[in-house]
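Below you'll find the structure, written out as structure tokens, and then a few comments.
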Amino acid sequence: MAADLHEAVKKEDQPSLKLKITAKTHVKPNNKLGRKQCQLVTFDLPYLAFYYNQKLLLYGDNGGELRFSEIVDKLKDGLATVLEPFHQLAGRLGKDEDGIFRVEYDDDMDGAEVAEAVADDVGIADLAAEEGTATLKELIPYNGILNLEGLRRPLLAVQLTKLKDGVAMGCAFNHAVLDGTATWHFMSSWAEICRGAQDISVPPFLERTKARNTRVKLDISLPPAPSA
């Protein structure tokens, strides 16, 4: 009992951004792609036991009026376009009949998750001066979520937060699906589209079995889903 009370007090003492989630939607590729699969190989599998890879980007308003809804719409439109070549991020993890993990995509899947949030009392300077990550975590989705959860969660989650003087973009990527280099390739490609490009300049190479075509059965299963 004393330990539980101590944890509750510690939690209350943590600073908060007083952030409010205002909407949550999903974004799918603009065009129908059909069903696609890609086997995970030996260098992907250890990451199933790691957490989602998280990134946080801060954008100032340059002293002008912040049109948050327009920014969100533009980013979501660009995301729907860039998810065509990067369709794996719009899919889920799955297993074949032999228990081999793979990435599965189908047009009926929900796609990537996009949340909208507001923290009007927080400025970019406040976040830049933040020591540690306690409050910054509120700006990024999927804190403490294992990559194995990609069996039932989106492989990409984005949170767009309206700040006092800018926008925070928090992204969570399933680390079993892409590494750091591929993450920034995706982000750069998304930025290209949002800047007006009709297509990305460097297409991704998604077929990892070309590098190592090995099939390893992994006996690992999800814990029970959290109660609502």
Side-chain angles (χ1 to χ4, degrees), residues 25-48 50-60 62 70-94 100-115 139-142 147 150 153-160 166-214:
T25 57
H26 290 84
V27 175
K28 302 166 66 169
N30 277 328
N31 296 311
K32 300 288 186 181
L33 302 176
R35 184 168 179 79
K36 296 180 179 292
Q37 299 175 356
C38 180
Q39 176 193 318
L40 297 186
V41 293
T42 51
F43 47 71
D44 302 313
L45 298 179
Y47 291 104
L48 292 172
F50 292 12
Y51 295 124
Y52 269 66
N53 189 18
Q54 297 176 303
K55 305 295 181 186
L56 176 62
L57 305 175
L58 303 175
Y59 299 93
N62 295 321
E70 293 180 16
I71 293 171
V72 170
D73 289 343
K74 186 171 185 177
L75 287 170
K76 289 168 71 172
D77 287 345
L79 181 59
T81 299
V82 80
L83 281 176
E84 289 189 43
F86 288 90
H87 62 266
Q88 289 180 333
L89 289 175
R92 292 286 194 278
L93 294 182
I100 309 300
F101 275 88
R102 63 190 182 190
V103 183
E104 301 175 343
Y105 171 82
D106 191 277
D107 294 327
D108 293 332
M109 292 181 175
D110 290 335
E113 180 181 294
V114 179
L139 300 169
I140 314 173
Y142 289 10
N147 293 306
R153 290 177 182 264
L155 303 182
L156 167 62
V158 179
Q159 181 177 313
L160 303 171
V167 175
M169 174 191 286
C171 300
F173 300 88
N174 192 292
H175 208 346
V177 178
L178 76 176
D179 61 9
T181 300
T183 296
W184 290 115
H185 180 197
F186 170 78
M187 295 296 288
S188 298
S189 300
W190 187 5
E192 276 188 289
I193 297 299
C194 290
R195 288 195 298 265
Q198 296 300 306
D199 202 356
I200 63 175
S201 58
V202 181
F205 182 78
L206 304 178
E207 185 49 70
R208 57 200 70 204
T209 57
K210 297 294 184 182
R212 184 177 296 172
N213 191 8
T214 54

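Predicted model, so just to flag it, every value in this text is computed and none were measured. Side chains included, hydrogens not; waters and symmetry mates left out as well; all remaining heavy atoms used.
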Does the side chain of [Y] come within less than 4.5 Å of [X]'s, by heavy atoms?
X: Val177; Y: Tyr47; result: no
X: Val27; Y: Val158; result: no
X: Leu93; Y: Leu40; result: yes
X: Thr25; Y: Lys76; result: yes
X: Trp190; Y: Thr81; result: no
X: Phe86; Y: Leu178; result: no
X: Tyr105; Y: Val103; result: no
X: Gln88; Y: Pro204; result: no

Between [X] and [Y], which heavy-atom pair has the shortest distance, and what is it?
X: Arg92; Y: Gly111; answer: NH1-O, 3.9 Å
X: Gly34; Y: Asp107; answer: N-OD2, 2.8 Å
X: Ile140; Y: Cys171; answer: CG2-O, 3.7 Å
X: Pro154; Y: Tyr52; answer: O-OH, 2.8 Å
X: Gly78; Y: Ile193; answer: CA-CG2, 3.7 Å
X: Leu89; Y: Ala112; answer: O-CB, 4.3 Å

Would you find a donor on one side and an acceptor on the other, under 3.5 Å apart, between the side chain of [X] and the backbone of [Y]?
X: Asn174; Y: Asn147; answer: yes
X: Lys28; Y: Ala90; answer: no
X: Asp73; Y: Glu70; answer: no
X: Gln54; Y: Pro141; answer: yes
X: His26; Y: Met109; answer: no

Can you measure from [atom1] ([X]) to [atom2] ([Y]) and round to the nearest 0.5 angstrom?
X: Cys194; Y: Lys74; atom1: SG; atom2: NZ; value: 6.5 Å
X: Met169; Y: Leu58; atom1: CE; atom2: CG; value: 11.0 Å
X: Glu104; Y: Phe101; atom1: CD; atom2: CZ; value: 10.5 Å
X: Asp179; Y: Phe173; atom1: CG; atom2: CZ; value: 11.5 Å
X: Leu155; Y: His87; atom1: CG; atom2: NE2; value: 11.0 Å
X: Asn30; Y: Glu84; atom1: CG; atom2: CD; value: 5.5 Å

Modelled atom types, side-chain donor and acceptor of Asn53 and Tyr51, under 3.5 Å: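 No pair is found: no donor N or O on one side chain lies under 3.5 Å from an acceptor on the other.
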Any chance you could lay out the side-chain contact (heavy atoms from CB on, under 4.5 Å) test for Val114 and Leu79, step after step, and finish with the verdict? CA-CA 10 Å; Val114 179; Leu79 181 59; 3.8 Å; yes
